[in-house]
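To start, the structure itself, in structure tokens.
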Number of protein chains: 2
Amino acid sequence: MEFNEKQISIINTAERLFSINGFDGTSVRDIAHEAGINVAMISYYFGSKEKLMEAVFEQKTSKMRLKVENMLQEEKLTNHEKVNILIEDYVDRFLSQPQFHKVMLLEQLSDKPGGIAGMIDELKKRNLALIKKLIQEGQKSGEFKKNIDIALMMATMVGTVSQMIISRRFYREVNNMEHLPEEEFTNYIRKKLCAHLKNLFKSTLTNEEKK
Amino acid sequence: MEFNEKQISIINTAERLFSINGFDGTSVRDIAHEAGINVAMISYYFGSKEKLMEAVFEQKTSKMRLKVENMLQEEKLTNHEKVNILIEDYVDRFLSQPQFHKVMLLEQLSDKPGGIAGMIDELKKRNLALIKKLIQEGQKSGEFKKNIDIALMMATMVGTVSQMIISRRFYREVNNMEHLPEEEFTNYIRKKLCAHLKNLFKSTLTNEEKK
DNA sequence: TAAATTTAATTAAACGTTTGTTTAGTTTTA
DNA sequence: TAAAACTAAACAAACGTTTAATTAAATTTA
């Protein structure tokens, strides 16, 4: 789907407001006002508020697909390195687009199966399949141990990052980092999160040294 | 705060609908209808929809406070055992009240600081303080290693469980467990989650064997 | 190229619903 | 018989969407 300049402006505004106030908590009048357009333009361009939401999802996910798939086929990297790159990619992506992440969480929470929730499930399935293949190759080569619940590990990765975005302010406060500029703090938790997740994955995927 | 039978019935209905449709997505008429009462009773008993939400939170959190605090003071247990019990408690609590967990997530996502979000932050702070003390004692006794980011570990625990509740259906599907009764499946992920989190905490908290 | 015509973009206003809350009156309980 | 519990109806405000009219852009015709 291709969107013109004005449509993209609407999509971006909608994304921001949805992430702050939720889908039901955001009115089309709010969106129109902040985007500087007439309310009717939303129906005109997207058909409905619901369809606008789908356009937001479409716009934000379509870009990030190919990148990962190419990386996984890179032959120079060990499977372990690929896992680490995946972690870095994931953390990066969602720290730079926390608003969209929130919208996705909100949509998953209100699990009326139709619409966005289904699109998210498909996205997850594709990602799960890619990672599954990666892990299995690592198991063949002896890098990773057997009996790994990949979906459970994904839940840990996704969940930890989500929780960090949700409780960002809380984390900032308990670490006495209110003085840091927003950007520096983002960088700080990016590093923290990456290191933390890499450690978790390492100890879960590889055989522990015999004690 | 004490609630009579009818009020509790309203609170429980509200909790369920809020967790499915969100705060804004649930109308007081929906709640009244499903609870079998007149719309006006909600204002009559709680004052407003917002206050009803606070009552839901109050009702659900007030019970679960003392239990943990008593356990932590038990002297027969090692700090490591206490950590494991905390994990089991947490997983148990939220698998048996997934609806309320969803309501809390929804409230945290719409981070208008007033109201529920503030109450949740306080709850988190109290929990963090308790765990911090526990970890520090484990560090003194040599059970745990130094330089542990406790808030980050909490994010992993809370996040993993959240993610599991959010994507319960997805997890069920990719593991081909659609045939299992709901209750058995809950039991299955309870065990899985506990074992998983215990492993994660063990390898994060304790010194790894020298490789 | 200039005028005419068609298509697309944009607007203010109105539509019918639904929202949370209040009122004024009735029934039940103490 | 006074207080509490409960009801149906009404309230103004906000909701998503549609309509009908107007302006801007693109295309066709002369």
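In what follows, every chain begins at residue 1, and chains take the letters A, B, ... in the order their sequences are listed. The shown structure was predicted, so the numbers you read here are calculated from the model rather than taken from an experiment.
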What orientation do B:F3 and B:F46 show, parallel under 30°, tilted 30 to 60°, or perpendicular over 60°?
tilted
Decide, yes or no, whether a salt bridge links B:E88 with B:R190 under the criterion of side-chain N to carboxylate O below 4.0 Å.
no
For nucleotides 22-30 of chain C, print each protein N/O atom paired with a nucleotide N/O atom at under 3.5 Å, atom names and distance only.
none

Quick check on C:dT18: is either OP1 or OP2 less than 4.0 Å from any side-chain nitrogen or oxygen of B:S27?
no
Just checking B:F46: base, sugar-phosphate only, or nothing, at a heavy-atom cut-off of under 4.0 Å?
nothing
Is a salt bridge present between B:E137 and B:K132, judged by a nitrogen-to-oxygen distance below 4.0 Å?
no
Give me the residues of residues 29-37 of chain B where at least one heavy atom lies under 4.0 Å from an atom of DNA chain D, by number, or none.
B:R29
Side chain to side chain donor-acceptor pair (under 3.5 Å) partners for B:D30, two or more places apart:
B:S27
So, is A:K6 close to the C:dT10 phosphate, meaning a side-chain N or O under 4.0 Å from OP1 or OP2?
yes
Is any side-chain N of the basic residue among B:R16 and B:E34 closer than 4.0 Å to the acidic one's carboxylate O?
yes
Would one find a side-chain N or O of B:Y45 under 4.0 angstrom from OP1 or OP2 of D:dC6?
yes
Working to the nearest 0.5 angstrom, can you tell me the gap between B:F201 CZ and A:L200 CG?
9.5 Å
